[in-house]
There are 4 protein chains.
Amino acid sequence: MEVEPDRQESVRLFKRRLIRDAAKRIFSEKGIGGASVREIAKAAGYTTGAIYTYFATKEELYADVLRDSLDALHDEVVAATAAATADRAAAALRGLWTFYDSRRSDFELGFYLYGGARPVGLTPELNRELNGLLDRVMDHIAGCLADDGLAEPEHAHHLAVSAATWVFGLLLMTKTGRLRSLGEDAEAQLDTYLSTLTTRNETRKQR
Amino acid sequence: MEVEPDRQESVRLFKRRLIRDAAKRIFSEKGIGGASVREIAKAAGYTTGAIYTYFATKEELYADVLRDSLDALHDEVVAATAAATADRAAAALRGLWTFYDSRRSDFELGFYLYGGARPVGLTPELNRELNGLLDRVMDHIAGCLADDGLAEPEHAHHLAVSAATWVFGLLLMTKTGRLRSLGEDAEAQLDTYLSTLTTRNETRKQR
Amino acid sequence: MEVEPDRQESVRLFKRRLIRDAAKRIFSEKGIGGASVREIAKAAGYTTGAIYTYFATKEELYADVLRDSLDALHDEVVAATAAATADRAAAALRGLWTFYDSRRSDFELGFYLYGGARPVGLTPELNRELNGLLDRVMDHIAGCLADDGLAEPEHAHHLAVSAATWVFGLLLMTKTGRLRSLGEDAEAQLDTYLSTLTTRNETRKQR
Amino acid sequence: MEVEPDRQESVRLFKRRLIRDAAKRIFSEKGIGGASVREIAKAAGYTTGAIYTYFATKEELYADVLRDSLDALHDEVVAATAAATADRAAAALRGLWTFYDSRRSDFELGFYLYGGARPVGLTPELNRELNGLLDRVMDHIAGCLADDGLAEPEHAHHLAVSAATWVFGLLLMTKTGRLRSLGEDAEAQLDTYLSTLTTRNETRKQR
DNA sequence: CATGAATGAGCATTCATTCAT
DNA sequence: CATGAATGAATGCTCATTCAT
């Protein structure tokens, strides 16, 4: 009598998750470039070789961590929006900020691997999948902008990308310590930027 | 009989420059992570060990390249501004964009090393120096914003950082290939953002 | 209630054969050094661990493939002889050549493992068995030489080994690419060698 | 004042030789497939990385060992010939035999690396160089055959390759233990084969 | 001041084999 | 019997750094 295949599969997935979480932890501690398979394996309670039962390649492991991260990002941005009655776009962008601000390595990971020129190795399909995940987030923000009356539908995507670009820039400056060194505060900057978005709205309405 | 100490020192600086320029070249070609001291040495016409006469550490070499880069950035932004009669802030921000867009590795270098928690090795003084260099750039942009009537003097720095943040975000998204994957175009985004700055100006004036 | 032991045993042998054939296929494709147990198992429709139910060791699997190969060699040499009415020895030697020439890995396998000092792991009995298989081939060739009047019975074995030695040398030079690099052709060499054997015969007869 | 470049270069060559000799020793002990760079380094009194100062690649090390071996082979065959007044071809072939018989790994090495299909990686030029070295040996043997009146000049090369083929076959059978298992003796086989060459000569003359 | 040999730790990956299920 | 996860040692190779010359 065989073990139920579903249970077997779910155990496998659980273990993959264990390794993925260990990888995340190590990425946070040592940075992505500094994380070795050896160390990830040890952190997950495995020997080096065992990792390759679950991930064919270090890059495949990267990709899985990243996919998980982008999934969580989408969920968090959507949740942040759902909690808001007005100013949904501001809520979404704040969600984007909060998500990456509170996670040590996700931001670095996302911009290191995802479609970047440098550390290729992702299969094209995988690359497309990850691109699609980010696109979904952008579409959601675009929808919020349109709902709030901050942009006409045909310009919403353009503006959503622009706003997300600013948030990513803020994250970059914060994580690398520049913002602090320039005597600026992330939250204050965020408040200013988001209020500018709203102001623009009122300007548009008045016309 | 000793050589004049000044001459000695200037020769030393000259050779440091030779090595730094070689490093820059290699960084551009192979990326910063992919550049080995061996290769930089060879490109500079030295053997491996000689590098360590001028730079105690690979990171110190990084820092020197970065200092040079920030110096050049400042010069370019100032030059871009000087060429403009109106919309000086837009010209400065465009200069910021152009500088990093046209240099393969400077952006990567700047945000990898500069003040970040990860790749330590910078002495605190050096760190302060590099921060100061960036600050000068921000101050210049702030001045332009004030000159253009885009911000009151006491808010100019805050806005300058915000605008630079957006440009850095755009660079990040461009260099990692995300912008393209989202179907957006860097130049178009830049145009939109800069025209928004100007529009806001007019709004302020009308009040 | 137990299964009839004979049937059990024959099933076991059948499965061994399945694995052995898969191993052969993989050996041909990847070379003997490049074949992993994993890959052989997959080609046989088994998982890795299952192989070890049938073969205690990778080397034991090697040995089984080799035994099968020597068996087939004997059959082919005998068949080649049976088809010939005259010059039976030449036919046998040509059969020896053809057998190894047309099989990608058998020659490599035979001389890699068989009795060599290097890759031990063959039990002495097994070693003796394999030696015996080769000996049978040599005896057959010796018989042909005697039948053809090319050697007196007491010298036939000595000459058979000499002739086989030459064929093995030709295979070695062909498979390693040397013959081609020396500007020589295997078939032409073979023709010359075999005709020399016949000529010697006539010489002996004339005396 | 710099070190004399000649001395420096000769030291380098000497150390290369040390490593090459260590490699040879390890090849003999463990077989070529079983020799790791680590082990060779240790045997040479170096750490692993140091090997790569002298040889860019494991294969380059292989190639150097092989080149050295083929050079020595040529010298030994020529020397064996020079010592003989009559039957120079027999002397050359005996030299071929003796050379490889007395060296544990040279034979395996030669046929493993040299132009074989399996372990490529040799640059084409290198491959050609090594082929040329063997060709020189063959030409020498061909010259001896012609001198001895054993072959007309236009057939000498063909016959030289045939004879060398036989010797290589004998080496193969000896080194893998087969000859002994067949109850045959290498020296006796060699005597028979060489005397056949001579006999053929007389036959030709009588005609 | 410059050389380049040498170090030694590190890397991703592979693989024969074992064993709990 | 069969599975496939897990082991642990091994492999070729790289690289920042040191130091005798």
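Below, chain A is the first sequence line, B the second, and so on; all start at residue 1.
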Between [X] ([atom1]) and [N] ([atom2]), how many Å, whole number?
X     : N      : atom1 : atom2 : result
A/Y46 : F/dA5  : OH    : C1'   : 8 Å
D/I51 : E/dA5  : CD1   : P     : 13 Å
A/Y62 : E/dC11 : OH    : P     : 11 Å
D/E9  : E/dT3  : CD    : C1'   : 14 Å
D/E60 : F/dG12 : CD    : C1'   : 14 Å
B/K42 : F/dA16 : NZ    : P     : 13 Å
A/L13 : F/dA5  : CG    : C1'   : 15 Å
A/E39 : E/dC11 : CD    : C1'   : 12 Å

Angle between ring planes, C/Y62 versus C/F27, binned at 30° and 60°: parallel, tilted or perpendicular?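 Perpendicular: the ring planes of C/Y62 and C/F27 meet at over 60°.
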Is there a residue in residues 14-23 of chain C whose heavy atoms reach under 4.0 Å of DNA chain E, and which residues are they?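 The answer is none.
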Apply salt bridge (charged side-chain N to carboxylate O under 4.0 Å, His left out) to residues B/E108 and B/K175 and explain how you reach the verdict. CA-CA 9 Å; B/E108 188 187 351; B/K175 301 244 175 199; over 6 Å; no
5′-ward residue of the pair B/G49/C/Y54 relative to DNA chain F: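 Closer to the 5' end of DNA chain F: C/Y54.
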D/A35 vs D/A50, nearer the 5' end of DNA chain F by closest nucleotide: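 Result: D/A35.
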I would like to know whether A/E29 and A/I26 meet side-chain contact (heavy atoms from CB on, under 4.5 Å); could you show each step before the answer? CA-CA 5 Å; A/E29 285 168 23; A/I26 300 296; 4.3 Å; yes
Among the nucleotides [options], which one has an atom lying closest to any side-chain atom of [X]?
X     : options               : value
D/Y52 : F/dA5, F/dT14, E/dG4  : F/dT14
D/T47 : E/dG8, E/dT13, F/dA16 : E/dG8
A/T53 : F/dA6, E/dA5, F/dG12  : F/dA6

Locate the shortest heavy-atom distance separating [X] from [Y]; write the atom from each residue and the value.
X      : Y      : answer
C/A22  : C/A43  : CB-C, 3.8 Å
D/V37  : D/T48  : CG1-CG2, 4.1 Å
A/F111 : B/T176 : O-CG2, 3.1 Å
D/V65  : D/A23  : CG2-CB, 4.0 Å

With both distances kept under 3.5 Å, what pairs with F/dA20, Watson-Crick or G-U wobble?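 In the structure as shown, F/dA20 has E/dT3 as its Watson-Crick or wobble partner.
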Taking only side-chain nitrogens and oxygens of A/S36, does any of them come within less than 4.0 Å of OP1 or OP2 of E/dC11?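 True: A/S36 side-chain N/O within range (under 4.0 Å) of E/dC11 OP1/OP2.
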5′-ward residue of the pair B/G45/C/T57 relative to DNA chain E: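 Going by which nucleotide is closer to the 5' end, it is B/G45.
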B/T48 or C/K58, whichever maps to the more 5' nucleotide of DNA chain E: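 Here B/T48 is the residue nearer the 5' end.
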Please work out if B/F55 contacts a base, only the sugar-phosphate, or nothing of the nucleic acid, heavy-atom cut-off 4.0 Å.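 Nothing, no heavy atom under 4.0 Å.
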Looking at D/R12 and E/dA5, is any side-chain donor or acceptor paired with a base atom of the opposite kind under 3.5 Å?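 No, the side chain and the base share no sub-3.5 Å donor-acceptor pair.
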Side-chain donor/acceptor contact of A/R38 with base of E/dG10 under 3.5 Å: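 Between E/dG10 and A/R38, which were checked side chain against base, a qualifying N/O pair under 3.5 Å is absent.
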Taking salt bridge (charged side-chain N to carboxylate O under 4.0 Å, His left out) as the cut-off, I'd like each qualifying pair that reaches into residues 60-70 of chain A, sequence neighbours left out, listed once.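 Only A/R16-A/D64, A/R20-A/D64, A/R20-A/D68, A/K24-A/D68, A/D64-A/R67, A/R67-A/E129 qualify under salt bridge (charged side-chain N to carboxylate O under 4.0 Å, His left out).
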